[in-house]
Amino acid sequence: MKVYTKPVGFMGTNCYIAADDNGHCVIVDPGAQPEKLIAFLEQEHLTPVYILLTHGHYDHIGGVRGLLEQYSGCKLAIGAGDADQLSDRRRSLALSPGMTDRDYLLTPDELLKEGDVVKAGALSLKVLETPGHTKGGVVYLCEGTMFAGDTLFAGDIGRCDLPGGDYRTMLASLKKLDALPGDYRVLPGHGPESTLEQERRHNQYMQMVRQG
């Protein structure tokens with residue numbers, strides 16, 4: 001698996017493109033600038049099979065419409081608990097001037113739950129439900145890599161004070177991540193990448209759940 005990181009939008013959301021050796025790929029959290037992502041996909045001769053959302057906030061979904069219009073065979077998937085964020089701009093926080101129903105009201109092809117596996121070419125991504133930042137947030141695991149969305153950052157976690165967020169629920173999700181065997185490359189929704197072992201050792205919130 002090759003993973004390309006493409007920061008997009010004024011929030012600098014990390015959009016990830018994960019591809020197999022035959023050019024089949026998934027796009028994780030295309031938050032904005034679909035034209036930038038399309039140009040890269042065409043340059044690298046990649047064909048998106050899925051757009052995978054870790055959650056439904058505006059800064060993670062703003063580029064979806066443009067990509068789906070360009071790639072008609074591509075499917076959109078999100079955690080079942082966050083489906084309502086794609087049908088209500090208040091819930092996705094897409095309320096700034098210039099944010100329209102057309103770009104931010106979306107119909108997912110698949111609603112994902114714990115243990116689901118999304119397949120794209122040779123890639124298999126396992127779904128873990130990790131609510132806390134939102135009520136239906138998910139993390140995707142593939143070949144030793146964790147697409148963590150806004151659940152786990154390098155040295156931090158996603159905020160829990162937005163609609164659907166809950167701090168205690170977030171800690172339970174962090175405990176689930178801590179319990180994963182071995183180490184993972186952690187690719188967060190914002191900021192630099194890390195590793196799960198690095199976060200176990202140095203992230204105060206991960207240390208908190210380890211101490212019970």
Side-chain angles (χ1 to χ4, degrees), residues 4-18 26-42 48 50-72 74-112 129-140 147-167 169-170 173 186-193 205:
Y4 307 91
T5 306
K6 296 295 174 182
V8 293
F10 69 91
M11 291 288 288
T13 302
N14 290 327
C15 172
Y16 299 105
I17 299 170
V26 298
I27 305 170
V28 181
D29 289 350
Q33 297 178 277
E35 68 286 346
K36 171 182 175 178
L37 301 175
I38 291 168
F40 178 79
L41 293 166
E42 296 299 310
Y50 274 95
I51 295 171
L52 300 178
L53 302 177
T54 60
H55 63 291
H57 283 158
Y58 74 94
D59 57 319
H60 291 251
I61 68 173
V64 170
R65 176 72 66 192
L67 288 163
L68 291 179
E69 289 180 347
Q70 179 72 17
Y71 301 102
S72 59
C74 186
K75 294 182 179 180
L76 175 63
I78 190 171
D82 271 5
D84 59 356
Q85 292 185 322
L86 301 186
S87 60
D88 186 338
R89 287 203 287 127
R90 292 171 298 176
R91 294 183 183 275
S92 66
L93 310 178
L95 300 174
S96 297
M99 293 183 176
T100 65
D101 286 358
R102 182 181 182 280
D103 288 330
Y104 290 92
L105 296 185
L106 303 160
T107 302
D109 296 290
E110 296 183 17
L111 299 180
L112 303 172
E129 294 181 353
T130 55
H133 179 62
T134 62
K135 67 178 182 179
V138 298
V139 159
Y140 300 98
F147 299 94
D150 287 3
T151 296
L152 181 62
F153 300 138
D156 207 349
I157 60 173
R159 58 189 294 185
C160 303
D161 60 336
L162 298 171
D166 182 81
Y167 181 66
T169 304
M170 174 67 89
S173 292
V186 175
L187 300 181
H190 303 272
E193 69 176 80
Y205 300 100

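Predicted, not measured: the structure shown is a model, and the values here were computed from it. These values consider heavy atoms only, across backbone and side chains, with no hydrogens, waters or symmetry-generated copies.
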Non-hydrogen atoms of L93 and P163 that approach each other most closely: CD2-CD, 4.4 Å
In terms of heavy-atom contacts, V138 and G79 come closest through CG1-CA, 3.8 Å
Relative to the ring of F10, is the ring of Y58 parallel (under 30°), tilted (30 to 60°) or perpendicular (over 60°)? parallel
Residue from D82, V64, I27 passing side-chain contact (heavy atoms from CB on, under 4.5 Å) with L53: V64
When rounded to the nearest 0.5 angstrom, what distance separates CG in L37 from CD in E42? 11.5 Å
Does any part of the side chain of Q70, heavy atoms only, come nearer than 4.5 Å to the side chain of E35, both counted from C-beta? no
With a 3.5 Å distance limit and no angle check, can you tell me whether T13 reaches the backbone of D59 through a side-chain donor-acceptor pair? yes
Short side-chain to backbone donor-acceptor contact, H133 and R159, under 3.5 Å: yes
Within 6.0 Å of NZ in K75, more than 12 heavy atoms from elsewhere: no
In short, T54 meets D150 closest at the heavy-atom pair OG1-N, 4.5 Å
Taking every non-hydrogen atom, the tightest pair across A148 and P188: CB-CA, 4.3 Å
Is there side-chain contact between Y205 and Y167, with heavy atoms separated by less than 4.5 Å? yes
What closest approach, in Å, do G149 and D29 show between heavy atoms, and which atom pair accounts for it? CA-OD2, 4.2 Å
Please check if the side chain of R65 supplies one atom and the backbone of L105 the other of a donor-acceptor pair under 3.5 Å. yes
Polar side-chain atom of K6 near backbone of P30 as donor-acceptor pair, under 3.5 Å: no
Rounded to the nearest 0.5 angstrom, the CZ-CG distance for R90 and D88 is 4.5 Å
Would you compute the distance between atom OH of Y16 and atom OH of Y140 and round it to the nearest 0.5 angstrom? 14.0 Å
Less than 4.5 Å apart, side chain to side chain, heavy atoms only: is that true for Q85 and I61? no
To the nearest 0.5 Å, how far apart are CG in L76 and CG in L111? 9.0 Å
Distance-only, no hydrogens or angles: does the E193 side chain make a donor-acceptor pair with backbone N or O of L187 under 3.5 Å? no
Please identify which of these residues, I78, L67, D109, meets the side-chain contact (heavy atoms from CB on, under 4.5 Å) condition with I51. L67
Between L41 and Y71, does a side-chain contact (heavy atoms from CB on, under 4.5 Å) hold up when you go through it step by step? CA-CA 11 Å; L41 293 166; Y71 301 102; 3.5 Å; yes
Side chains of T151 and T130: donor-acceptor distance under 3.5 Å anywhere? yes
Tell me the closest heavy-atom pair linking G63 and P34, and the distance in Å. O-CB, 3.6 Å
To the closest 0.5 Å, what do you measure between CG (D101) and CG (L106)? 10.5 Å
Side chains of F40 and I17, heavy atoms from C-beta outward: is any pair under 4.5 Å? yes
L95 backbone acceptor or donor facing R89 side chain under 3.5 Å: no
So does G191 get a backbone contact from the side chain of N14, meaning a donor-acceptor N/O pair under 3.5 Å? yes
Once rounded to the nearest 0.5 Å, what's the spacing between atom NE2 of H55 and atom NE2 of H60? 3.5 Å
Quick one: does L68's side chain get under 4.5 Å of C74's, heavy atoms only? yes
